[in-house]
Asks: 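Take this structure, written in structure tokens, and hold onto it; I'll ask about it next.
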Amino acid sequence: MAARSVTLGIDLGTTSVKAALVEAAPGDPSGFVVLASCARAAQAETAAQSAAAGPQGQEQDVKRIIQALHECLAALPRQQLRKVCGIGVSGQMHGVMFWKTGQGCAWTEGGAAPVFEPRAVSHLVTWQDGRCSSEFLASLPQPESHLSVATGFGCATIFWLLKNSPEFLKSYDTAGTIHDYVVAMLCGLARPLMSDQNAASWGYFNTRSQSWNLEILRAAGFPIQLLPDVAEPGSVAGRTSQAWFEIPKGTQVGVALGDLQASVYSCMAQKTDAVLNISTSVQLVASMPSGFQPPQTPDPAAPVAYFPYFDRTYLAVAASLNGGNVLATFVHMLVQWMADLGLQVEESMVYSCMIQAAAQQRDTCLTITPTVLGERHLPDQLASVTRISSSDLSLGHVTRALCRGIVQNLHSMLPFWQLREWGVERVIGSGSALSRNEVLKQEVQRAFPLPVSYGQDVDAAVGAAVVMLQRSLSQQKS
């Protein structure tokens, strides 16, 4: 094995930033070893920059996200960072942020290590953003793509800003996801590069022709100059323009990947595996056979979407908006109720107590439909609680019903029989909300009676690193 065969993976998630150092497993060219990993809470939520977005606006402070990223890197072993020969980056799909070309960041000596600090940048409008109403989305032109456009998708957000905050858009000339931004800053790119994975997540991108719907967008007055250039996932976007922590200047950086695809890449060992990720939101993913092409036109009511993967293949994805965020909402509600009653209690304590109570309550007749955020295919659906009886009102009953509801909601989108029909033989579980919650694990086993194995929390960061590692190894061979 050649020296410096270590790769760094970064995942810029909704609630946390993760980093992982990976090297090839000795004697196993397709295997890998995680040398070190780190996660930091982003704590980046902030008020919307456009007052017209109202309470539906969901935005994050880019400076806080980058600060969490630098805290992660500072916690990794310096001697391993010196060996890094490639950087893979993934992150939350669909979201959009804006910056000024050439003014997106400034490199400074951050103590012992050079770091970049965001400068002329907007907030990140995340995938959870709800400013685009059903009526507004219906007013947009029909995309020439197999994927529908939903609120929180980059192109829908830009259309909304064009209509409601046109002055805001005039301040910027570049746009991308948060992970496209990081890659562009690391490499000093004048224009960001975007993988088809992230382009598809914005809407108005045709995965067959690998191109934006430029004519449709231009006719609707869309500022097409904001659309990034598109590159193959797994390709190199550029090289680091500065030394970054201990990572040498000139290190290859991959085009940013979707967090879903990177998670799947790190843990889907066989085509017969399905991957279930429950973190802030929920995804159940199965691999489609080589040569599969999705329908030509979008079906907004379809609960399963087909996302581009690698090498022009697709993943079948049931992506629910309601996962760990629903549990977090429930915990926050309980803490708020107690505060109203004059009692102060930590959210972490409430969470562990309610999971413990639900673990002892193996069954319940209480039924919770947990769709507090609606679903992309059912945007106007809200949550509900039914079959309420006086005997099912304990914390254990309600938490058990909530965890069951999250899993049953997913099962209604992509049922067990469909997985079996596609030849799925095993489910691989990942994501922070699932790994820490024994009750969710029990409900997964109940709804999907297949062998289930669990991965690590840093799956997307590991996946991004592995993509770059395999690229590095193939370059060494050639």
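All values derive from a computational prediction rather than experimental measurement.
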Asks: Verify whether one side chain among Tyr314 and Thr207 offers a donor that lies under 3.5 Å from an acceptor in the other.
Replies: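 Checked: Tyr314/Thr207 side chains pair up, N/O donor to acceptor below 3.5 Å.
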Asks: Identify the two heavy atoms, one from Ser453 and one from Arg426, that lie closest to each other, and give their separation to 0.1 Å.
Replies: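 Reported closest heavy-atom pair: OG-NH1, 3.7 Å.
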Asks: Check Asp129 with Arg131, please: is the shortest side-chain N to carboxylate O separation under 4.0 Å?
Replies: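 The answer is yes: the pair qualifies as a salt bridge.
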Asks: Show, in sequence, the C-alpha distance, side-chain angles and deciding distance for Gln356 and Tyr351, and conclude whether the side chain to side chain donor-acceptor pair (under 3.5 Å) test is met.
Replies: CA-CA 9 Å; Gln356 209 172 342; Tyr351 187 83; over 6 Å; no
Asks: Rounded at 0.5 Å granularity, tell me how far CD in Glu23 sits from OG in Ser472.
Replies: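 If I round to the nearest 0.5 Å, the distance is 11.5 Å.
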Asks: Could you go through His411 and Arg446, starting from their C-alpha distance and side-chain angles, then the distance that decides it, and tell me whether this counts as side-chain contact (heavy atoms from CB on, under 4.5 Å)?
Replies: CA-CA 11 Å; His411 187 272; Arg446 186 172 176 269; over 6 Å; no
Asks: Do we see a donor-acceptor contact under 3.5 Å between the side chains of His332 and Trp337?
Replies: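 No, because no side-chain N or O of His332 sits under 3.5 Å from a partner of the opposite role on Trp337.
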Asks: Which heavy atom of Tyr265 sits nearest a heavy atom of Gly463, and at what distance?
Replies: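 Here Tyr265 and Gly463 meet closest at CD2-O, 4.1 Å.
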Asks: Looking at Arg471 and Gln252, what are the two nearest heavy atoms and their distance?
Replies: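 Scanning both residues, the minimum pair turns out to be NE-OE1, 4.1 Å.
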Asks: How about His123 and Gln60: does a side-chain donor come under 3.5 Å of a side-chain acceptor?
Replies: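 Not at all, the side chains of His123 and Gln60 share no donor-acceptor pair under 3.5 Å.
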Asks: How long is the span from the CZ atom in Arg400 to the CD1 atom in Ile355, to the nearest 0.5 Å?
Replies: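 One gets 9.5 Å once the value is rounded to the nearest 0.5 Å.
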Asks: Strictly under 6.0 Å, is that where the ring centroids of Tyr181 and Phe98 end up?
Replies: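 No, ring centres 6.0 Å or more apart.
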Asks: Look at Lys271 together with Glu425 and state whether they make a salt bridge at an N to O cut-off of under 4.0 Å.
Replies: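 A salt bridge is absent here (no side-chain N lies under 4.0 Å from a carboxylate O).
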Asks: Within the 3.5 Å criterion, strictly below it, is a donor on Asp392 or Ser394 matched to an acceptor on the partner's side chain?
Replies: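 No, Ser394 and Asp392 have no side-chain donor paired with an acceptor closer than 3.5 Å.
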Asks: Ignoring hydrogens and geometry beyond distance, is a side-chain donor-acceptor pair present between Asn277 and Gln283 at under 3.5 Å?
Replies: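 Yes, side-chain donor-acceptor contact under 3.5 Å.
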Asks: Please confirm whether Phe292 and Tyr306 have ring centers closer than 6.0 angstrom.
Replies: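 Under 6.0 Å, so yes.
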Asks: Side-chain donor-acceptor pairs under 3.5 Å in residues 315-328, sequence neighbours left out?
Replies:
residue	atom	partner	partner atom	Å
Ser320	OG	Asn322	N	3.1
Ser320	OG	Asn322	O	3.4
Ser320	OG	Glu375	OE2	2.6
Ser320	OG	Asn409	ND2	3.2
Asn322	OD1	Val372	N	3.2
Asn322	OD1	Leu373	N	3.0
Asn322	ND2	Gly374	O	2.8
Asn322	ND2	Glu375	OE2	3.1
Asn325	OD1	Gly323	N	2.7
Asn325	ND2	Thr280	O	3.3
Asn325	ND2	Leu321	O	2.8

Asks: Taking Trp202 for the side chain and Gly176 for the main chain, is one N or O donor matched with an acceptor at less than 3.5 Å?
Replies: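 Side chain of Trp202 to backbone of Gly176, a donor-acceptor pair under 3.5 Å: no, none is there.
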Asks: Strictly distance-based, threshold 3.5 Å: is any side-chain N or O of Thr177 a donor or acceptor partner for the main-chain N or O of Met93?
Replies: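 No; judged by distance alone, with no hydrogens or angles, the pair does not exist.
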Asks: If you measure only the distance, is there a donor-acceptor pair under 3.5 Å linking the side chains of Asp11 and Ser90?
Replies: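 Asp11 vs Ser90: donor-acceptor pair found between side chains.
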Asks: Would you give the length of the straight line joining atom SG of Cys267 to atom CG of Leu276, rounded to the nearest 0.5 angstrom?
Replies: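 Cys267 SG to Leu276 CG: 10.0 Å, rounded to 0.5 Å.
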Asks: Do Ser148 and Asp299 pair up side chain to side chain, a donor and an acceptor below 3.5 Å, judged on atom types alone?
Replies: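 Their side chains do not contain a donor-acceptor pair, so the 3.5 Å distance test is not met.
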Asks: Cut-off 3.5 Å, side chains only: do Gln58 and Thr126 have a donor facing an acceptor?
Replies: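 Thr126 and Gln58 do not have a side-chain donor-acceptor pair below 3.5 Å.
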Asks: Rounded to the nearest 0.5 Å, how far apart are CD1 of Ile368 and CD of Gln408?
Replies: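 So the CD1 of Ile368 and the CD of Gln408 are separated by 12.5 Å.
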Asks: Which heavy atom in Phe116 sits nearest to a heavy atom in Ile66, and how many Å separate them?
Replies: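 Closest pair (atom of Phe116, atom of Ile66, distance): O-CG2, 3.6 Å.
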Asks: Mind listing the closest non-hydrogen atom pair of Leu12 and Val17 along with its distance?
Replies: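 Closest approach of Leu12 to Val17, heavy atoms only: CD2-CG1, 3.9 Å.
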Asks: Taking Thr313 for its side chain and Tyr309 for its backbone only, find out whether a donor-acceptor pair lies under 3.5 Å.
Replies: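 Not a single qualifying donor-acceptor pair exists.
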Asks: How many angstroms lie between atom NE2 of His397 and atom OG of Ser391, to the nearest 0.5 angstrom?
Replies: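 Rounded to the nearest 0.5 Å, the NE2-OG separation comes to 6.0 Å.
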Asks: Which atom pair, heavy atoms only, marks the closest approach of Ala75 to Cys38?
Replies: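 Heavy atoms of Ala75 and Cys38 come nearest at CB-SG, 3.7 Å.
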Asks: Hey, what do you get for CD (Gln270) to OG (Ser287), rounding to the nearest 0.5 Å?
Replies: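 If we round to the nearest 0.5 Å, Gln270:CD and Ser287:OG are 11.0 Å apart.
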